[in-house]
2 protein chains.
Amino acid sequence: MKSRMSPDREVRRQVRRLELVEAAVRAIRREGPGASMEQMAAEAGVTKPILYRHFGDRGGLYAAVTTYAFEGLDSGLQRALQSVDTPPRQVVSNAIDAYLAFVEQAPELYRFLAQRVVNEPGNLQETIDDFTTRVGRDVALILGEALRAAGADSGAAEPWAFGIVGMVFAAGAWWLERRTMTRARLTAYLTDLVCDGLPDLESLTAGLAADITTDPQPAPDLVTAAPDGDPAVGEVVAIGRTPRRQRQ
Amino acid sequence: MKSRMSPDREVRRQVRRLELVEAAVRAIRREGPGASMEQMAAEAGVTKPILYRHFGDRGGLYAAVTTYAFEGLDSGLQRALQSVDTPPRQVVSNAIDAYLAFVEQAPELYRFLAQRVVNEPGNLQETIDDFTTRVGRDVALILGEALRAAGADSGAAEPWAFGIVGMVFAAGAWWLERRTMTRARLTAYLTDLVCDGLPDLESLTAGLAADITTDPQPAPDLVTAAPDGDPAVGEVVAIGRTPRRQRQ
DNA sequence: ACTTCATGGTTACCGATAGTAACGTTACCT
DNA sequence: AGGTAACGTTACTATCGGTAACCATGAAGT
């Protein structure tokens, strides 16, 4: 069996695996998320059966790529989450920014990770773990401990963690399509939402119902209140909240 | 050309389209998100070329299914979002619950919608709009108006809208896998997060750093503080916040 | 009644791609 | 040297998206 092999054989195999995965990543960045097995093999300078020998099937290769990308992100994420002597808001901001930096740096890879592998019925490979699932698990761990330490209901850790990860994930995807703001700006917005929630919208229903039900009439302040300028500066991480009404 | 045809011919065509889409949905619910064109055609009692005649290509059918599902969700969502004389928190809760109810009712369809269609290079069909993208656009509209009405920065409307939708989407996916709480419970958690953000986690870094860096040592309160009971009752919509420290 | 044409449907095919079988080659390890 | 195990190839199959060509039917128009 495989575990009874020469020790350096195993390490060489791992090295080769890594080479193949990196080639697959290059192929994805070149060809987009729909890169075929043949293209990924060609990028590594080999043919398909090599990939199948190493990864079993496409799902196996996808899982390896996902793991690879996850580890690349996770180092930065863990560094952000585990930093001591940092205010919680800054921790959240750093983590979100680390995530978005990853998105920005490898958009095609990100798009690849965004699509869940469709599990065809004949899939004998182990069930693949989604990218967001892995990140979510990590965040859930940290968040759960934090909630317990704060004396809060730790049952919220998992839904919140997976929710927050999905939030940053979706916002990142949206941001990739139409890049209408800087990364720092988006980080600031998301940090605000995660830390403070939506601002008080007492006038929401009243102001809205009139606007929605009588749709042809534009909101009176639609032009004056939407400057859409980009006040973000070039800082790597924007920690300051965007100016809005303070909750009291 | 097509627009110069008998008027009832056109309506019959639309009816047929709807039948085909509904058959496709049935096939997806039976076979999972990976249902093939042939299976969807067979479910409708026809063969593949019929589908292609109506929808052009797979992307077209997927878009039609997405639109169909979206409209099914959107009615409930709009009803929740446009309700007058409802406190904002309840609006958020209702909207989230409408979303989760949809998830719960058609999990396989939801999984189908969750995966973005991989846009192969030869795709001449119009670019398909993601399910979450459509929901996000709707929420962004409403949220933008609400923010303007509240005098807040409306530039946050889009990132927040897409982020929140992604959050509920991801949390819904997580909830589908391991159903460790009731829908009402999850709705309450997510509503809390969206409306108030994370609770103050002042002791986050201190409490965490010790636990994470010295991983073999379990947190002392890990057993005592995690009862994991399910305090949710069977109410359709849980509006009350989960008991946690009040921000002041 | 016979043709004509639109409509709804089918069979039979093509091309690409996931996945596999069988075989060759290099290099390591007694 | 020789066994053997990893590395690699060519050539194949199966499936699935997509299309071409053909068939049936029924409602006109003449």
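Numbers restart at 1 for each chain; the letters A, B, ... are given by sequence-line order, proteins then strands. The structure presented is a predicted model; accordingly, all values stated were derived computationally and were not measured.
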Task: Ring centroid separation A/Phe112 to A/Tyr62 under 6.0 Å - done: yes
- [ ] Report, as a single string ordered 5' to 3', how protein heavy atoms within less than 4.0 Å touch nucleotides 8-15 of chain C: B base, S sugar-phosphate only, - not at all.
- [x] BBBB----
Open item on the list: So for atom CD, which belongs to A/Glu38, do other residues, nucleotides or ligands contribute more than 12 heavy atoms lying within a distance under 6.0 Å?
Closed with: no
TODO: Sort and list the pairs that fulfil salt bridge (charged side-chain N to carboxylate O under 4.0 Å, His left out) and have at least one residue in residues 165-174 of chain B, not counting sequence neighbours.
DONE: none
Nearest-Å distance, [atom1] ([X]) to [atom2] ([N])?
X	N	atom1	atom2	result
B/Arg58	D/dG17	CZ	P	6 Å
A/Met40	C/dG19	CE	P	11 Å
B/Glu31	D/dC16	CD	C1'	14 Å
A/Leu20	D/dA6	CG	P	15 Å
A/Glu38	D/dA11	CD	P	13 Å
B/Phe55	D/dG18	CZ	P	13 Å
A/Met37	D/dT13	CE	C1'	17 Å

- [ ] Could you tell me whether the phosphate oxygens of C/dG19, OP1 or OP2, come under 4.0 Å of any side-chain nitrogen or oxygen in A/Tyr52?
- [x] yes
- [ ] Check the angle between the aromatic planes of B/Trp174 and A/Phe162 and answer parallel, tilted or perpendicular using the 30° and 60° thresholds.
- [x] parallel
Task: Salt-bridge criterion met for A/Glu22 and A/Arg17 (N-O under 4.0 Å) - done: no
TODO: Quick one: pull up CG in B/Asn94 and CZ in B/Arg79 and give me the separation to the nearest 0.5 Å.
DONE: 10.0 Å
